[in-house]
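Scroll down for the structure; my scribbles are underneath it.
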Protein chains: 2
Amino acid sequence: MEAGGDFLERLRAATSDAAVVTDPDMMAGHLTDWRHMFTGQALAVLRPGSTQEVSRLVRLCAEANVAIVPQGGNTGLAGGATPQGDMPQVVLSLAGMNNIRLVDPVGLCIEVEAGAILQSVRDAAAAEDRLFPVSLAAEGSASIGGIIATNAGGVNVLRYGMTRDLVLGLEVVLADGTVIDALRPLRKDNAARYWKQLFIGSEGVLGIVTAATLRLVSRPLHRSVSLVSVPNVQTALSVFGRAQTVLGDALTAFELMEAAALERVESHFDLTLPVQAGAWYLLIEAGSTLAGLTETVEAMLEDVFEQGWAADGVVASSGAQAEHLWTLREHITEAEAKSGHSVKHDVSLPIVAFPAFLETFRTRLPDVEAEASSNVFGHLGDGNLHVNVLLPEEAGSTGVMRFVHDLVHAHGGSISAEHGLGQYRVAEWERLTSRAEQMLLRRIKMALDPHGILNPGKGLPIKEHKAT
Amino acid sequence: MEAGGDFLERLRAATSDAAVVTDPDMMAGHLTDWRHMFTGQALAVLRPGSTQEVSRLVRLCAEANVAIVPQGGNTGLAGGATPQGDMPQVVLSLAGMNNIRLVDPVGLCIEVEAGAILQSVRDAAAAEDRLFPVSLAAEGSASIGGIIATNAGGVNVLRYGMTRDLVLGLEVVLADGTVIDALRPLRKDNAARYWKQLFIGSEGVLGIVTAATLRLVSRPLHRSVSLVSVPNVQTALSVFGRAQTVLGDALTAFELMEAAALERVESHFDLTLPVQAGAWYLLIEAGSTLAGLTETVEAMLEDVFEQGWAADGVVASSGAQAEHLWTLREHITEAEAKSGHSVKHDVSLPIVAFPAFLETFRTRLPDVEAEASSNVFGHLGDGNLHVNVLLPEEAGSTGVMRFVHDLVHAHGGSISAEHGLGQYRVAEWERLTSRAEQMLLRRIKMALDPHGILNPGKGLPIKEHKAT
């Protein structure tokens, strides 16, 4: 890995000295991903303090043909922020740019720099009695730039959408250092501003997000959480349909968990299910500014029992009970970790395809790996399940992953629901994506980053396809 | 306007004969826009019956270097679907492709062809007890392809977002005839599917939408409509902030109207305001699946009166009263038409900027045109107002438009909130948009349509800028 001899000196001259980090110990944390699946090399870690510094650094990298790996909180689950390959490259950490510039509770928006931590943004909104709805396990470390670059999902997508749905404005630095300011906080802006969307969910391969204006919403004042056991996935869908009709927008979470997943939670932790056993369980949360929520949920569930769709259920009668129900759900991942080697999948499907998909998955899995067992749970309400598989050892993981992805593909789903492709899923994605779609992406890449210096090896077809 | 001599014959051979219309009488309606501002020329109007036919026609046009003007219901307000300029071109009408392929009330989605009429889609959703929320004056004629190409807004944006927020999947034909099927109905799909966004709101200059999968939502079961008079725009914002806190998602419309606009309604129609006069009026609608809505609205308004933010107000106590309140709002455009020549603006602003913007507008307008009077109304809740100006005659229109657009620009707003640029606003947009942003758009255009055959003269910089 080389670049022009005085390259680092030019970077230092363009910024403050402290912005160019070459000490191996200080760099180490930036060169390995959160899950410790990937480690890369870099000439330096750059820590600019302003958009203008980002622009100057990008310009110098472009001149020297040095690639740039944008990095926020480094909490990604697909290796999207870790250097990949042999091209000379630098990590560009946005962590130093973390100002919250403006919170507007009437205009329902917040303007922040890319390095701002998700939790800080949520706190700043809450201080003005508003909610920034993106919420996920890593919110204490994940940065706004990262959640935008990956179009992050999380637990509130059913009600509030993906990150894309909450971005009003962006400031972006292009591959040649050009800064484009499109931060204005407008919900309606059809003045050819569709280009902004290219920088949301493209994992830093088209440009670097340096700041954003995000949409805020009202905070729900009332909340209702319930746990219901159902005999099969088809009846889970019936309950979901009814919940949509009766609760509408108040439905904020609709989680599906298979019995085995919760049995593992009960066996590994001092936790007990408060409902009679079923083959599947639903965790249903509703939230609203309007009163009368619990009564509406109770009436809905009575109807569900009368229809025979559910066997047993409980509506939390206190905040503590609500927390207990969520605790069961939240311990599934840890219980999985204690149960063997797991192959994790982040898939989405048309909701109505879940019964057929899960039945085929259950039936065929033993043929793929005789000793495999499933650990299925996730956000049924937004079509995203974690179809995880436990194995006695790592051998067999690739076969299981291909089996699950092929099945997802056959049922019209996506192999990357909310985590992105990064470097982890890009080969599988390439295997299952049409050549026409890959070529379209490559054309867009060539238009915005013709020399390929932005985040090489991530989120795009690996093979070169000749353009027609 | 010429093309290879047997070009039309090749088109006919590639489709059914009836798909290639050259009769001038049958073509006429396709060559003039809805507002009769623009009329263009075309070699033919093409009416394909399938995506494969679209693909074949596009391929033949590309070979002959004939431009293509995609057209849906031809209800656009900015001339985006009318041929422009001297390049040989055809109108590609999607009207014949209007199947509603699938309605899924549990998976909350609907798959339709581009020519499907918005009203039909709304009806099909309603038949399954669901709502497709895009609603606008032209919904009886506007097509889904058109509302996607223009990222249409309408009256429900405050609550449900723009069309972009409701598109799950797309099928697109590219400028070289390539068909890309990305119709899968997934709310979470981070498998590099951000490219879909380029075809939403780009007014047909990057590709042709042939089908779409749209998101459905639950239908509100309860509704509350109220009319309130307020002394100034600043207090209107205070009421809006309180309504957000108290009603949250249940707030579905928050309209602002100046007194003069409603006085024109009263003087031209047999309609009377049921509240005491104020300088400004608010029309507030709330909707929810949950009960108790009217009580919550009434409590909110009592608080608003106690704070002194509003002078008078009425909450509709019946569906008929609710309709009456909306009738007042809906007659504003017609009353404007009866009051002189009007210069219409479709602008959006950061909501908190409205008081300063409107005060400067009011103060300076007489200096721009001594006999001008204002007719301001619109969707305050989503930042989109129609800042219209009445003049005794057409002379002076250009000066007024530039004055309004300059003022919008100075206050951080957009001169095209929901109607798009088309050919009507492209010059004004070019005047007010940075060179960097225009060059970015041109690069994207070059990547997807290098020969410029898709909808020339619309929605993009007119001048050629040399790429760096």
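Proteins get letters first, then strands, A, B, ... in listed order; numbering begins at 1 in each. Atoms considered below: every heavy atom in the structure, side chains included; atoms not considered: hydrogens, waters and symmetry mates. Just so we're clear, the structure is a prediction, and the values are computed from it rather than from any experiment.
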Find the one option among [options] whose heavy-atom pairs under 4.5 Å with chain B are most numerous.
{"options": "A191(A), G241(A), G248(A)", "answer": "A191(A)"}
{"options": "R184(A), E203(A), E295(A), R215(A)", "answer": "R184(A)"}
{"options": "G420(A), A182(A), S202(A)", "answer": "S202(A)"}
{"options": "L293(A), L158(A), V205(A)", "answer": "L158(A)"}
{"options": "C109(A), G459(A), G413(A), A353(A)", "answer": "G413(A)"}
{"options": "L432(A), I351(A), L421(A)", "answer": "L421(A)"}

Less than 4.5 Å to any heavy atom of chain A: does that hold for the side chain of [X], its backbone, both, or neither?
{"X": "L198(B)", "answer": "both"}
{"X": "L183(B)", "answer": "neither"}
{"X": "M446(B)", "answer": "neither"}
{"X": "A250(B)", "answer": "side chain"}
{"X": "V157(B)", "answer": "both"}
{"X": "P105(B)", "answer": "neither"}
{"X": "T433(B)", "answer": "neither"}
{"X": "V347(B)", "answer": "neither"}
{"X": "L237(B)", "answer": "both"}

State whether a side-chain donor-acceptor pair under 3.5 Å links R130(B) with T245(A). yes
Straight-line distance of [X] [atom1] to [Y] [atom2], nearest 0.5 Å:
{"X": "W195(A)", "Y": "R443(B)", "atom1": "CH2", "atom2": "CZ", "result": "12.0 Å"}
{"X": "S414(B)", "Y": "R193(A)", "atom1": "OG", "atom2": "CZ", "result": "7.5 Å"}
{"X": "N190(A)", "Y": "E418(B)", "atom1": "CG", "atom2": "CD", "result": "8.0 Å"}
{"X": "L440(B)", "Y": "L174(A)", "atom1": "CG", "atom2": "CG", "result": "5.5 Å"}
{"X": "S348(B)", "Y": "L186(A)", "atom1": "OG", "atom2": "CG", "result": "4.0 Å"}

Heavy-atom nearest pair, L290(A) first then S288(B), reads CD1-OG, 3.6 Å
Locate the shortest heavy-atom distance separating A447(B) from A447(A); write the atom from each residue and the value. CB-CB, 3.5 Å
Criterion side chain to side chain contact (heavy atoms under 4.5 Å, CB included) on K188(B) and H379(A), from CA distance to verdict: CA-CA 10 Å; K188(B) 282 179 163 175; H379(A) 326 290; 3.2 Å; yes
[X] portion near chain B, given a 4.5 angstrom heavy-atom threshold:
{"X": "S238(A)", "answer": "neither"}
{"X": "D104(A)", "answer": "side chain"}
{"X": "Y194(A)", "answer": "both"}
{"X": "L448(A)", "answer": "both"}

Sequence neighbours excluded, every pair satisfying salt bridge (Lys or Arg N to Asp or Glu O under 4.0 Å) that has a member inside residues 152-170 of chain B: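 Salt bridge (Lys or Arg N to Asp or Glu O under 4.0 Å) check on residues 152-170 of chain B returns D249(A)-R159(B).
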Heavy atoms only, distances under 4.5 angstrom: which of [options] has the most pairs with chain A? Name it, please.
{"options": "G201(B), A243(B), A291(B), A192(B)", "value": "A192(B)"}
{"options": "G383(B), P220(B), G153(B), P185(B)", "value": "P185(B)"}
{"options": "V246(B), L168(B), I200(B)", "value": "V246(B)"}
{"options": "T213(B), L108(B), T296(B), L131(B)", "value": "L108(B)"}
{"options": "D189(B), I415(B), D129(B)", "value": "D189(B)"}

Please assess R187(A) against D382(B) for the test salt bridge (Lys or Arg N to Asp or Glu O under 4.0 Å), listing each intermediate value before the final yes or no. CA-CA 6 Å; R187(A) 283 199 82 181; D382(B) 59 35; over 6 Å; no
Qualifying residues under side-chain contact (heavy atoms from CB on, under 4.5 Å), relative to A62(B), sequence neighbours excluded: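 Scan of A62(B) (side-chain contact (heavy atoms from CB on, under 4.5 Å), adjacent residues dropped) gives I453(B).
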